[in-house]
> 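Below is one structure. I have some questions about it.
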Amino acid sequence: MRKLRVLLVDDEIMIREGFKKLFDWETHGCTVAGEAADGMEALAKIDSLNPDIVIMDINIPIMNGLKVIKMSRIKHPDTAFIIVSGYDDFSYCREALRLKITDYILKPVNYEEFGTCIDNLKISMYMENVSQEPEEQEERIINSITRFIQEHLAEEMSLSVLSEEFHMNPQYISQLFKNEIGVGFLAYLTSIRMEKAKKLLLSTSLSIGEVAEQSGYGDYRVFTKVFKKSEGITPSQYRRDFLGRE
């Protein structure tokens with residue numbers, strides 16, 4: 001999988017330098033293609049560099065980040081935007097959600113959580129393209145494997161299970177995930193299980209234990225631990241916070 005091109009937008013140079021020096025872009029399959037310090041410069045760089053991902057503060061000079069996103073969507077509908085802001089304000093979050101941003105991260109940035117965000121974004125980009133006709137044999141294989149995982153998400157799932165199902169070496173399957181999706185098998189599995197869990201929490205009245213089982217976790221305590229590590233809050237808090245805002 002090709003490296004994703006990233007544009008960093010923040011009026012504070014130390015923030016931009018922090019992203020460049022404190023986060024291992026190479027490990028996460030990305031490269032920083034450019035920087036911008038204000039909204040107008042950000043628009044120009046988005047046009048000239050056509051980045052896959054834009055990491056941007058909301059409160060930037062000349063034109064704020066939300067306005068930049070609105071205008072960029074016209075010519076660059078597929079660009080992913082991650083907001084990094086010092087404002088823990090739901091009105092900002094709500095507007096950002098309307099603009100279909102990928103994530104809203106508060107400063108100071110936790111780079112481990114940011115890495116999870118980047119990996120989940122890569123998985124999401126892959127899933128958006130999975131319905132397109134594959135051109136290579138390895139793409140066809142990984143598409144079949146990911147469809148199988150989604151159809152059997154509530155069941156036991158491991159490289160050994162996939163090896164038996166597809167009659168392939170587990171190490172080969174593991175390498176396919178790295179090559180074609182850009183993340184490891186476990187990161188992919190956890191990501192889509194968390195997405196299913198979040199949908200169940202918000203769209204059903206299932207208990208936490210039942211949500212855990214349908215998401216592939218036989219032990220709800222393990223599920224709660226994994227969910228909190230992924231989302232920063234427990235499943236119960238997630239359901240309460242989001243349903244309480246409707």
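Below, each value reflects all heavy atoms present in this structure, side chains not excepted, and no hydrogens, waters or symmetry copies. Nothing here was measured: the structure is a model prediction, and the numbers come from that model.
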> Treat each ILVMFWY residue as a node, draw an edge where side-chain heavy atoms are under 4.5 Å apart, and state whether Leu200 and Tyr220 are in one component.
no
> So, does Ser230 use its side chain to make a donor-acceptor pair with the main chain of Val226 at under 3.5 Å?
no
> Same cluster for Met14 and Val109 if Ile/Leu/Val/Met/Phe/Trp/Tyr side chains link at under 4.5 Å?
no
> Are the side chains of Ile82 and Cys117 in touch, meaning some heavy atoms are under 4.5 Å apart?
yes
> Heavy atoms, side chains only, cut-off 4.5 Å: are Lys196 and Gln150 in contact?
no
> I'd like to know if Val211 and Val222 are part of one continuous hydrophobic network [Ile/Leu/Val/Met/Phe/Trp/Tyr, side-chain heavy atoms within less than 4.5 Å].
yes
> Do you know which two heavy atoms are closest between Asn50 and Arg5, and how far apart they sit?
O-NE, 4.5 Å
> Measure the shortest side-chain to side-chain distance between Val84 and Ile58 over non-hydrogen atoms and say whether it is less than 4.5 angstrom.
no
> How far does CD1 of Ile83 sit from CG of Asn59, to the nearest 0.5 angstrom?
11.0 Å
> Atom NZ of Lys70 and atom CG of Asn64: how far apart are they, to the nearest 0.5 Å?
8.0 Å
> Quick check: closest heavy atoms across Phe166 and Ser144, and the distance to 0.1 Å?
CZ-O, 3.7 Å
> Less than 4.5 Å apart, any side-chain heavy atom of Asp47 and any of Lys75?
yes
> Between Lys107 and Asp57, does any side-chain N to carboxylate O distance fall below 4.0 Å?
yes
> Is any side-chain heavy atom of Ser236 closer than 4.5 Å to a side-chain heavy atom of Ile208?
yes
> Quick check on the hydrophobic clustering: are Leu186 and Met168 connected, directly or via other members, by side-chain heavy-atom contacts under 4.5 Å?
no
> Could you tell me which non-hydrogen atom of Val68 sits nearest to which non-hydrogen atom of Ala42, and how far apart they are?
CG1-CB, 4.2 Å
> Side chains of Ser72 and Thr79, heavy atoms from C-beta outward: is any pair under 4.5 Å?
no
> With rounding to the nearest 0.5 angstrom, report the CG to CD distance, Asp219 to Glu213.
10.0 Å
> Mind telling me whether Trp25 and Phe19 have parallel, tilted or perpendicular rings, with 30° and 60° as the class edges?
tilted
> Is there side-chain contact between Glu165 and His152, with at least one heavy-atom pair below 4.5 Å?
no
> Give the cluster check for Ile13 versus Met56: same hydrophobic cluster or not, with ILVMFWY residues linked at side-chain heavy-atom distances below 4.5 Å.
no
> What's the separation between atom CZ in Arg16 and atom CG in Leu7, rounded to the nearest 0.5 Å?
10.0 Å
> Nearest heavy-atom pair of Arg239 and Leu201: which atoms, and what distance?
NE-O, 2.8 Å
> For the pair Thr190 (side chain) and Ala187 (backbone), establish whether a donor and an acceptor sit closer than 3.5 Å, ignoring hydrogens and angles.
no
> Does a side-chain N-to-carboxylate-O contact under 4.0 Å join Lys45 and Glu41?
yes
> Could you tell me how the ring of Tyr188 sits relative to the ring of Phe177: parallel (under 30°), tilted (30 to 60°) or perpendicular (over 60°)?
tilted
> Assess the residue pair Gln237 and Asp241 against the criterion (side chain to side chain donor-acceptor pair (under 3.5 Å)); give the C-alpha distance rounded to whole Å, side-chain angles, the decisive distance to 0.1 Å, and a yes or no.
CA-CA 6 Å; Gln237 290 172 315; Asp241 289 354; over 6 Å; no
> Hey, what do you get for CD1 (Ile173) to CD1 (Ile142), rounding to the nearest 0.5 Å?
8.0 Å
> So do the side chains of Ile149 and Phe185 get within less than 4.5 Å of each other, counting heavy atoms only?
yes
> If you draw a 6.0 Å radius around CD in Glu155, do more than 12 non-hydrogen atoms from other residues or ligands fall strictly inside?
yes
> Closest heavy-atom contact between Ala80 and Met125?
CB-CE, 3.7 Å
> Restricting to non-hydrogen atoms, name the atom on Ile60 and the atom on Met63 that form the minimum distance, rounded to 0.1 Å.
CG1-O, 3.3 Å
> Does the side chain to side chain donor-acceptor pair (under 3.5 Å) test come out yes or no for Ser174 and Gln171, once each step is laid out?
CA-CA 5 Å; Ser174 176; Gln171 286 73 32; over 6 Å; no
> Please round to the nearest 0.5 Å and tell me the distance separating atom CD of Glu138 and atom OH of Tyr172.
4.0 Å
